[in-house]
Structures are given as structure tokens and as C-alpha cells.
Amino acid sequence: HFYFRLSGKRRKSTNMADWNRGHGSGAVDEMLDAENKLLTENLATKVSRLKSLAFDIDKDAEEQNSYLDGMDSNFLSATGLLTGSVKRFSTMVRSGRDNRKILCYVSIGLVLVFFLLYYLVSRTQT
């Protein structure tokens, strides 16, 4: 005797020789046909789930690719902005003494504004 699963339940089955002795070959064919149909339905269900999962993965990958493309263009524009700012800053540093004083005042002002904003933001969060 051997056991096979049929819709989650264990059922006792006999081997083919026992079936041939007690039943005609039509009964064996019907039993095999019923088992094949059940296995086919189970396989179709699993294939359907895998197909759905594959479509979900594909959709997610496309969304992530478009997100990364957007980030790439944003980084390129930020790089261009920073490059221009650094060029202007270095030009200002290389120029005369009056510009250096202005640069010092602007730098100190920016640092103070940064700490003021940091203080205000940390205070509103608590």
C-alpha cells in the first residue's frame, strides 16, 4: 500500500496489481485520470501564482528604474549647481582684499543661520 495526498488529506491507495486483480482496467484508468486532473489543477494554480509574482517583480523593477533615472538627472543638476558655486567662490577668494572681508562675513552669517535653523527645527520636534 502507498499513500498519496488528495486536496490536503492523506488517502490510502493500493498498488496497481491490487487494482487490476479486483477491478477492471477501466477503474484503473478512471483513478489515474482523476489523479492526473487533480495534479494538473494544482500545477495550474502554482503556475498562476508564479506568473502573478513574475508580473509584480517586473512592475516593481520598472518603477525602481524610473525612480533611479529621476535621481540621476537630479544629481546631475545638483552637480552643475555646485560646480558653478565653487567656481564663483574660488574666483571671489582669489580677488582683492575687500572681497575677502565680504567672504568672511558671508561665511560667518551662513554658519550662524545654519545653527539658528538647526535650533528651531530641533525645538519644534520636541
Side-chain angles (χ1 to χ4, degrees):
H1 295 267
F2 64 93
Y3 292 91
F4 66 95
R5 288 192 177 261
L6 186 62
S7 66
K9 299 176 185 172
R10 283 181 78 167
R11 299 206 176 166
K12 184 177 175 183
S13 176
T14 57
N15 62 23
M16 295 297 282
D18 292 341
W19 271 97
N20 282 333
R21 273 187 249 137
H23 307 302
S25 69
V28 172
D29 289 341
E30 288 178 19
M31 180 197 71
L32 290 175
D33 190 39
E35 187 176 350
N36 282 341
K37 284 181 183 179
L38 177 68
L39 292 175
T40 303
E41 289 173 5
N42 288 339
L43 184 61
T45 303
K46 290 176 184 177
V47 167
S48 175
R49 281 189 278 172
L50 285 174
K51 185 177 179 182
S52 174
L53 183 63
F55 281 135
D56 290 343
I57 290 172
D58 183 52
K59 181 181 174 185
D60 190 38
E62 287 177 4
E63 289 174 357
Q64 288 179 5
N65 282 338
S66 65
Y67 178 72
L68 290 174
D69 288 341
M71 283 181 59
D72 184 41
S73 65
N74 289 342
F75 279 123
L76 287 176
S77 64
T79 301
L81 180 68
L82 288 174
T83 301
S85 297
V86 168
K87 284 181 183 178
R88 286 190 293 275
F89 184 78
S90 61
T91 302
M92 192 179 204
V93 169
R94 280 189 244 124
S95 63
R97 184 176 177 96
D98 292 333
N99 285 339
R100 287 186 186 163
K101 285 182 184 179
I102 293 172
L103 178 65
C104 182
Y105 293 139
V106 168
S107 299
I108 290 172
L110 288 174
V111 169
L112 289 175
V113 167
F114 172 77
F115 282 116
L116 179 68
L117 288 174
Y118 177 76
Y119 173 73
L120 291 175
V121 168
S122 66
R123 207 171 154 180
T124 58
Q125 288 179 352
T126 55

>> With salt bridge (charged side-chain N to carboxylate O under 4.0 Å, His left out) as the rule and sequence neighbours excluded, what pairs involving residues 61-75 come up?
In response: none
>> Once rounded to the nearest 0.5 Å, what's the spacing between atom CG of Leu32 and atom CG of Leu39?
In response: 10.5 Å
> When Ile, Leu, Val, Met, Phe, Trp and Tyr are grouped by side-chain heavy atoms lying under 4.5 Å apart, directly or through other members, which residues fall in the same group as Leu76?
Replying inline: none
> When clusters are formed from ILVMFWY side-chain contacts under 4.5 Å, directly or step by step, what else is grouped with Val111?
Replying inline: Phe114, Phe115
> Which side-chain hydrogen bond (donor to acceptor under 3.5 Å, both in side chains) pairs, counting each pair once, include a residue from residues 106-121, with sequence neighbours left out?
Replying inline: Tyr119-Arg123
>> Using a 4.5 Å cut-off between side-chain heavy atoms of Ile, Leu, Val, Met, Phe, Trp and Tyr, which other residues end up in the same hydrophobic cluster as Leu68?
In response: Tyr67, Met71, Phe75
Donor-acceptor contacts under 3.5 Å from residues 81-89 side chains, at least two apart:
residue, atom, partner, partner atom, Å
Thr83, OG1, Thr79, O, 2.7
Ser85, OG, Leu81, O, 3.0

>> Could you list the cluster mates of Leu50? Members are the ILVMFWY residues connected by side-chain heavy atoms closer than 4.5 Å, either directly or through other members.
In response: none
> Restricting to pairs with a member in residues 45-61, which pass side-chain hydrogen bond (donor to acceptor under 3.5 Å, both in side chains), not counting sequence neighbours?
Replying inline: Asp60-Gln64
>> Under the criterion side-chain contact (heavy atoms from CB on, under 4.5 Å), I'd like the reasoning laid out for Leu53 against Ile57: C-alpha separation, chi angles, the key distance, then a yes or no.
In response: CA-CA 6 Å; Leu53 183 63; Ile57 290 172; 4.1 Å; yes
